[in-house]
Amino acid sequence: MVRQFLASPVWGPAAGVVPEGSALRHFRVKDDSVPATIIVGAQWGDEGKGKATDLLADTTDLVVRYQGGNNAGHTVIVGDQVFKLHLIPSGILYPHVTPVIGDGVVVDPEVMLEELDGLEARGLDAFARVKISGNAHVIMPYHRELDLLTERRLGKAKLGTTKRGIGPAYADKAARIGLRFQDLFDEKIFRQKLEAALEHKNEQLAKIYNRLPMNADEIAEEYLGYAERLRGTLTDTTDLIHTSLEAGRHIILEGAQGTLLDLDHGTYPFVTSSNPVAGGALTGAGLGPRHVDRVIGITKAYVTRVGAGPFPTELFDEVGERMTDVGGEYGTTTGRRRRVGWFDAVLARYANRVNGFTDIFLTKLDVLSEFETLKVATAYRHDGEEFHNFPPHQSIFHHAEPVWTDVPGWGTDISEVTRYDDLPREARDYVDLLEEQAETPITWVSVGPKRSQTLIRRDVPLVPPAAGS
């Protein structure tokens, strides 16, 4: 933030004179910074945030991942090349973009190196460009082991985690026994913290799960080896982000999961272990609300989710099977089949409330070309009562029945359409209905996985004009 303190105050009866003895001083502030944009999943994740971030990053200088770990994946298709990203922000595919891993992310160093090596092998200068916060926490071998063992122990009550150690790593962060990325670069501190953590973890492994203890020396040797290769990525990312804003550069803050998987605002306990919502972007990147003026919600033209938990509009019939196959609804990270259902406007309105969307980026409209009639859940019904907003109690949500609005389909391939106005009338009517129900302008409509298969419905610039221009 560039602040220009001017000599003349802007308030007070006599040119803004501050009462004698007062500690307050008032200055006119000139703000020349360019606000940041947050990109948030509006459903249970897998909405197409990778494509949206990649497309919008063309006018961006930094793309900052602010939460989550390698439990999520973004698929980006450029020409005939397919990139599957797990930890590294989608902006890596643009040479002018600096990809940043913020404070709120949990990093598995082995996975990070695999991803960096893979991108380097495809001609990208990944090691020199990716910046990782020293405050980001590190996923350790015992986190992965405990994640797996806990899910097994829960049996039918399991949450459906990716078993990549994300939850246990965040739990240690909250318990203040986690290891941070910066610890990898001080062997003494790393070994001290590792031994303290293992004292507790080995007790859990032995007494609860009947497993052999883990060896601190073996883990230290492995992780300090990772540190040697990752040394050039260690960065004060908060300073980098603020310095960039002050220089007038634009920043996108990219989340990993969706709103309904948020630890505080999602369908608990079937959630992730961090905060994908817009508020989580601020804490995970180290920004204040005044640094952001756009929040873009990413939503599919239908709904999907992975793992256990309630899903009011879920399809169990041949329509659901067809939607899964046509949409390629299998997880980027796990390969698991996603559950599918019709568009849920109640969830869309809830996501808008929680995040404060300024725009929606609608994805996978082309998938619905297969169906003669489409359905949209505009409310829920439970025990004779209708709910137009998210129910106040989990039991209602678990047993709610959708109130459907039927919409005619368009029955023709739209993947080659290049102008929004050239879409079939029925397709545009469907988008109009979703916009009305979600109570947020739909600015972009995706009709295929490639960058070029994105239609602009409203001509709104991503980067707002600089102050005073």
Side-chain angles (χ1 to χ4, degrees), residues 1-5 27 29-39 53 56-57 59-69 87-92 94-107 109 112 116 125-138 170 173 176 178-186 189-190 193 226-256 274-276 278-295 462-464 466-467:
M1 178 70 66
V2 177
R3 295 192 173 205
Q4 179 177 328
F5 295 102
F27 301 94
V29 177
K30 181 181 178 184
D31 184 352
D32 291 326
S33 67
V34 178
T37 296
I38 301 174
I39 292 181
T53 303
L56 300 176
T59 59
T60 299
D61 298 283
L62 272 71
V63 176
V64 182
R65 172 79 173 273
Y66 60 83
Q67 53 78 222
L87 271 172
I88 297 176
S90 306
I92 185 69
Y94 290 97
H96 66 275
V97 172
T98 299
V100 177
I101 306 295
D103 299 18
V105 179
V106 288
V107 176
M112 175 61 74
L116 288 168
D125 193 14
F127 276 95
R129 290 169 52 207
V130 172
K131 309 300 178 186
I132 304 176
S133 169
N135 293 333
H137 277 244
V138 177
Y170 275 114
K173 176 179 178 178
R176 291 161 292 186
L179 283 84
R180 297 188 294 176
F181 188 63
Q182 60 184 278
D183 296 333
L184 293 173
F185 306 97
D186 187 317
I189 289 177
F190 180 77
K193 290 188 173 184
Y226 296 148
E228 285 304 309
R229 297 195 62 206
L230 291 169
R231 186 174 298 277
T233 65
L234 178 64
T235 306
D236 182 345
T237 57
T238 301
D239 180 66
L240 173 62
I241 291 168
H242 283 269
T243 301
S244 298
L245 284 173
E246 289 163 7
R249 299 187 181 97
H250 186 247
I251 294 175
I252 285 178
L253 307 176
E254 175 191 47
S274 56
N275 296 106
L282 302 178
T283 57
L287 289 174
R290 67 185 174 89
H291 296 112
V292 175
D293 84 333
R294 197 167 194 179
V295 181
L462 177 63
V463 182

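No hydrogens, no waters, no symmetry mates; every other heavy atom, side chains included, goes into these values. Positions are given from 1, in the same order as the sequence printed here.
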Within a strict 4.5 Å, meaning less than it, do heavy atoms of the [X] and [Y] side chains meet?
| X | Y | answer |
| --- | --- | --- |
| Y170 | S274 | yes |
| H291 | I251 | no |
| H96 | T60 | no |
| D61 | T98 | no |
| V130 | P99 | yes |
| Y226 | M112 | no |
| T37 | L253 | no |
| E254 | V64 | no |

Rounding to 0.5 Å, atoms CD (Q182) and CG (L234) come to a distance of 7.0 Å
Distance (rounded to the nearest 0.5 Å) between L184 CG and I189 CD1: 11.5 Å
Can you give me the closest heavy-atom contact between [X] and [Y], atom names plus distance?
| X | Y | answer |
| --- | --- | --- |
| V63 | A57 | CG2-CB, 4.0 Å |
| V107 | A136 | CG2-CB, 4.2 Å |
| G288 | L282 | O-CD2, 3.9 Å |
| S133 | D103 | OG-OD1, 2.7 Å |
| A126 | L116 | CB-CD2, 3.6 Å |
| T238 | A285 | OG1-O, 4.0 Å |

Does [X] reach the main-chain N or O of [Y] with its side chain, forming a donor-acceptor pair under 3.5 Å?
| X | Y | result |
| --- | --- | --- |
| T235 | T237 | no |
| Y66 | I101 | no |
| D183 | R180 | yes |
| R294 | I38 | no |
| Q67 | A281 | no |
| R65 | G69 | yes |
| T243 | L240 | no |

One pair to check against side-chain contact (heavy atoms from CB on, under 4.5 Å): I252 and I39. What are the steps and the verdict? CA-CA 7 Å; I252 285 178; I39 292 181; 3.7 Å; yes
Contacts of type side-chain contact (heavy atoms from CB on, under 4.5 Å), residue R231, not counting sequence neighbours: F185, E228
Show, in sequence, the C-alpha distance, side-chain angles and deciding distance for L62 and I241, and conclude whether the side-chain contact (heavy atoms from CB on, under 4.5 Å) test is met. CA-CA 8 Å; L62 272 71; I241 291 168; 4.3 Å; yes
For the residue pair H250 / T59, report whether a side-chain donor-acceptor contact shorter than 3.5 Å exists. no
